[in-house]
Amino acid sequence: MNKQRNIVIGVSWPYANNNLHLGYIASSVSGDILARYHRAVGDKVLLVSGVDTHGTKPELKAKAEGCTPKEIVDRYAENFREALKAFHFSFDKFGITYDPYHEKKCQEMFERMYQNGYIYENVVKRPYCPTCGKFMADTELQFKCPVCGKLSKADNCDCGYVPTEKDLENATCLVCGAKTVQKEQRVLVFKLTAFKDLLEEMVRKNENIWRANSINETKKYLSDLRDRDFSRDLKWGIPITIKGFEDKTVWVWWEALLGYVTDTMKLGEEQGFDWRAFWKTDVEPDVEKKIYMCHAKDNIPFHSMFLPAMLAALNDHFITNNIMVSAEYLLIDGEKISKSSNTPCEALVYAQTYNTDSLRYYFAINGPEKKDANFTLELYKTIHNNEVVNKFGNLINRTLKFKGLTTLPKGKIDKILQEKVQQTYKNVGELIEALEFKKAALAVMDLVAETNKYYDEQQPWLKAKQEDKQPFFNVIASCAYVIGNLSNLFAPFMPATCEKLKTFLQLPKEVIWQEIFVQNGIDVSNIEPLFTRVV
RNA sequence: CGCGGGGUAGAGCAGUCCGGAAGCUCGUUGGGCUCAUAACCCAAAGGUCGCGUGGUUCAAAUCCCGCCCCCGCAACCA
């Protein structure tokens, strides 16, 4: 048995700008799989995330709807919580970045980074709107694209061109329509370049652990590393407490990423443990620690560079080695998920219509693990009906609801099946730790297939008619034994189903990552199908 | 000429690092079985591995070169 490890699993914080979409579930379910697995092997696990609330978008939306940014984000936060609950995410903490606790802890950390010399002052030229009386964000500006000639938003032209500082000289303010002027702006900058060596070392160490996208994307940034702005001239954000910059707020990325840490701090206070044992090398130094970061590909540089650099900038024994679990994108019906399109992609809507456990299984075996993955309702239905219901569900029914069977008989467990079960725990555990969730889920389903095959070969329906019932009992007991173990092995992927299964088999609720046995004599007359077919 | 990920049977994907008889699941077709939600088991058919009919090699899905397409990034969207 392994020694107990301290594990932090950070799932990227969804931005409170829209309802949660299915793509978030697809790229985040890996975090919940990791959490449930690590808890099962006996590690101390903190699965943390929360609502990212600050920044330009909620502020603009609030202005458009005539309400406060907080009202906007609260609406979406509610949607997030509901959807994540429906998909059975087992968060230990799901925070929110406007929480005064998060704000205060972030400010303390930023002051320390400033004192350590990693946040410095700079002067840049930015578009300023004389009418609005403030510096405008790119998304609030319109410019004439020199490539396609169209007027477009400064943060993304349809033709793909990225405007330079020069292109924005004659930008128009989208809020009031006035021409902006270039004006010098005092900003705070985070000295990312100070951590080039540290970050390069981290990438080198993880060459065989991270996926290709995070390795190469990070290398790209490191080859031309630049310091990044720290301050923003926005109201809706965490106020900067550094002297001379009190009128500015922190660019959301810097504070949202620290949410993983502030979640842990708060949880430690609530539950009475030392949060530092999860994030720092000098507390519980002999305990093995892992920090997983689960997110989609657009989040890579922030998790692979910003967060470790900030922690290093605190100069306080922080672990600066994230295990990056970077997913690609989920496409729906071959198209990218777009807020404006008609493609229905809201997570909560799917959760209310379909089985969230089989959706999780779908994402595990067919999700955007190493490349963009396509989601179609037809494919989901096929996987639900033909793999989850027919193979897994049917194995349970044909065993436990065998004609005339009312209690689970005592029988000898088949040696080959038992070895297969033991082997599956080992394989699947290794695959999950290697971040190969697709192979892990398939390996469990393979055990199901193996057991269905065993069942067919044994022909228990013939054995049941013999005078000596023992051979029949042996088959049923062997299959029931596998099913009991499937309630552990499938638990990271289909937690609610496995919980129900444990209830049927009168097993302890706790999922453990080792072979278990089902008590003979238990009543099986009331067992119901775990799944219903989807039409 | 920007950078990264990807393009493999009808569908969804492994395999590519480290070259050595094209694999998996579903679907389709045929057979077996009757315990089970018409579920389960066995077998078969189906692919010139995006393109160049490019280069290297005894041998290329895999290495090299060029091109096309999809997704992401491109530093004030997050």
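Sequence lines set the chain letters: A, B, ... in the order given, protein chains first and strands last, and positions in each chain run from 1. Atoms considered below: every heavy atom in the structure, side chains included; atoms not considered: hydrogens, waters and symmetry mates.
Ring to ring, A:Phe190 and A:Trp254 are close: their centroids are under 6.0 angstrom apart. Note: A:Tyr361 and A:Phe493 fail the aromatic proximity criterion, with ring centroids not under 6.0 Å apart.
Set against B:U34, B:A36, B:C73, the side chain of A:Asn397 has B:A36 as its closest nucleotide. Among B:C76, B:U37, B:G72, the nucleotide with an atom closest to any side-chain atom of A:Val389 is B:U37. Taking only side-chain atoms of A:Asn386, from C-beta outward, the nucleotide of B:C26, B:G5, B:A78 with the closest atom is B:C26. Comparing B:G32, B:U37, B:G5 against the side chain of A:Ala212 picks out B:G5 as the nearest. Listed nucleotides B:A74, B:C26, B:U37 differ in distance to A:Tyr221; the shortest reach to its side chain belongs to B:A74. Nearest nucleotide to the side chain of A:Arg398, out of B:C35, B:G72, B:C76: B:C35. Here the nucleotide nearest the side chain of A:Glu328, chosen from B:G5, B:C76, B:C73, is B:G5. For A:Asn452, the side-chain atoms get nearest to B:C40 when compared with the rest of B:C40, B:C77, B:C3.
On the P atoms, B:G27 is 42 Å away from B:A74, given to the nearest whole Å. Atom name C1', nucleotides B:C26 and B:C67: the rounded distance is 34 Å, in whole Å. Here, B:C24 and B:C64 have their P atoms 28 Å apart, quoted to the whole Å. Comparing the C1' positions of B:A61 and B:G7 gives a spacing of 12 Å, expressed to the nearest Å. Remark: the separation of the C1' atoms in B:C40 and B:C35 is 9 Å, to the nearest Å. Comparing B:G50 with B:C58, their C1' atoms are spaced 28 Å from each other, to the whole Å.
B:A38 makes up no base pair with any nucleotide shown, lacking Watson-Crick or G-U wobble contacts both under 3.5 Å. Base pairing analysis places B:C18 opposite nothing; no Watson-Crick or G-U wobble pair with both distances below 3.5 Å involves it. Under the Watson-Crick or G-U wobble criterion, with both distances below 3.5 Å, B:G72 is paired with B:C3. The partner of B:A44 is B:U28, judged by Watson-Crick or G-U wobble contacts that both fall below 3.5 Å.
At a cut-off of 3.5 angstrom, counting only N and O atoms as typed in the model, there is a donor on one side and an acceptor on the other between the side-chain of A:Lys297 and the base of B:C71. Side chain A:Asn394 to base B:A36: a donor-acceptor pair is found below 3.5 Å. Judged by atom type and distance alone, A:Glu457 does not reach the base of B:C40 through any side-chain donor-acceptor pair under 3.5 Å. One cannot find a donor-acceptor pair under 3.5 Å joining the base of B:C41 and the side-chain atoms of A:Tyr455.
Looking at heavy-atom distances under 4.0 Å, A:Lys220 makes contact with a base. Contact annotation for A:Leu530: base contact, defined as any heavy-atom pair under 4.0 Å involving a base atom. A:Pro529 comes within contact range of at least one nucleobase, with a heavy-atom separation under 4.0 Å. Across all strands, A:Trp253 comes closer than 4.0 Å to base atoms (heavy-atom distances). A:Gln459 comes within 4.0 angstrom of no nucleic acid atom, judged by non-hydrogen atoms across all strands. A:Glu59 comes within 4.0 angstrom of no nucleic acid atom, judged by non-hydrogen atoms across all strands. Using a 4.0 Å heavy-atom distance criterion, A:Asp52 is classed as a sugar-phosphate-only contact. Within the nucleic acid shown, A:Phe135 has no heavy atom closer than 4.0 Å to any nucleic acid atom. The residue A:Asn385 sits apart from the nucleic acid: no heavy atom pair falls under 4.0 Å. At a threshold of 4.0 angstrom between heavy atoms, the contacts of A:Arg211 with the nucleic acid are absent.
Contact annotation: A:Trp251 reaches the phosphate of B:A78 (side-chain N/O to OP1 or OP2, under 4.0 Å). For B:C40, one of the phosphate oxygens OP1 or OP2 lies less than 4.0 angstrom from a side-chain nitrogen or oxygen of A:Lys391. Contact between the side-chain N/O atoms of A:Thr382 and the OP1/OP2 oxygens of B:U25 is not found at any separation under 4.0 Å. OP1 and OP2 of B:C77 both lie 4.0 Å or more from every side-chain N or O belonging to A:Lys57. Close to B:A75, at under 4.0 Å from its OP1 or OP2, lies no side-chain N or O of A:Arg226.
At whole-Å resolution of the value, CG in A:Asp456 and P in B:A43 are 12 Å apart. Distance, A:Lys125 NZ to B:A75 P: 20 Å, rounded to whole Å. To the nearest angstrom, P of B:C77 lies 13 Å from CE of A:Met136. Between the CZ atom of A:Phe437 and the P atom of B:U25 there is a distance of 23 Å, rounded to whole Å. Rounded to whole Å, atom P of B:C71 lies 9 Å from atom CD of A:Glu335. If you take CZ of A:Phe392 and P of B:C26, they are 16 Å apart, rounded to a whole angstrom.
A:Lys235 has no carboxylate O lying under 4.0 Å from a charged side-chain N of A:Asp247, or vice versa, which leaves the two without a salt bridge. A salt bridge does not link A:Lys125 with A:Glu184: none of the charged nitrogens is closer than 4.0 Å to a carboxylate oxygen. Checked for salt-bridge contact, A:Arg211 and A:Glu217 miss the test: no charged N lies under 4.0 Å from a carboxylate O. A salt bridge does not link A:Arg126 to A:Asp229: none of the charged nitrogens lies less than 4.0 Å from a carboxylate oxygen.
The cationic atom of A:Lys463 (NZ for Lys, CZ for Arg) does not lie both less than 6.0 Å from the six-membered ring centre of A:Phe472 and within 45° of the ring axis.
The 12-atom threshold is exceeded at NZ of A:Lys469, counting heavy atoms of other residues, nucleotides or ligands nearer than 6.0 Å.
Under the stacking criterion of a centre-to-centre distance below 5.5 angstrom and an interplanar angle below 30°, A:Phe402 is not stacked against the six-membered ring of B:C35.
Map A:Leu225 and A:Val448 each onto its nearest nucleotide of RNA chain B; the residue landing nearer the 5' end is A:Val448.
Between A:Lys410 and A:Phe473, every side-chain heavy-atom pair lies at or beyond the 4.5 Å cut-off. You'll find the side chain of A:Val189 stays beyond 4.5 Å of the side chain of A:Arg228, heavy atoms only.
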| Nucleic acid footprint by protein, nucleotides 10-19 of chain B - heavy-atom cut-off 4.0 Å, B for base, S for sugar-phosphate alone | --SSSS----

Listing, residues 437-446 of chain A side-chain donor-acceptor contacts under 3.5 Å, not counting sequence neighbours, or none:
from: A:Asp446; atom 1: OD2; to: A:Lys420; atom 2: NZ; distance (Å): 3.0

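Summarising the geometry, atom CD belonging to A:Glu528 is positioned 8.0 Å from atom CG belonging to A:Asn526; distances are rounded to the nearest 0.5 Å.
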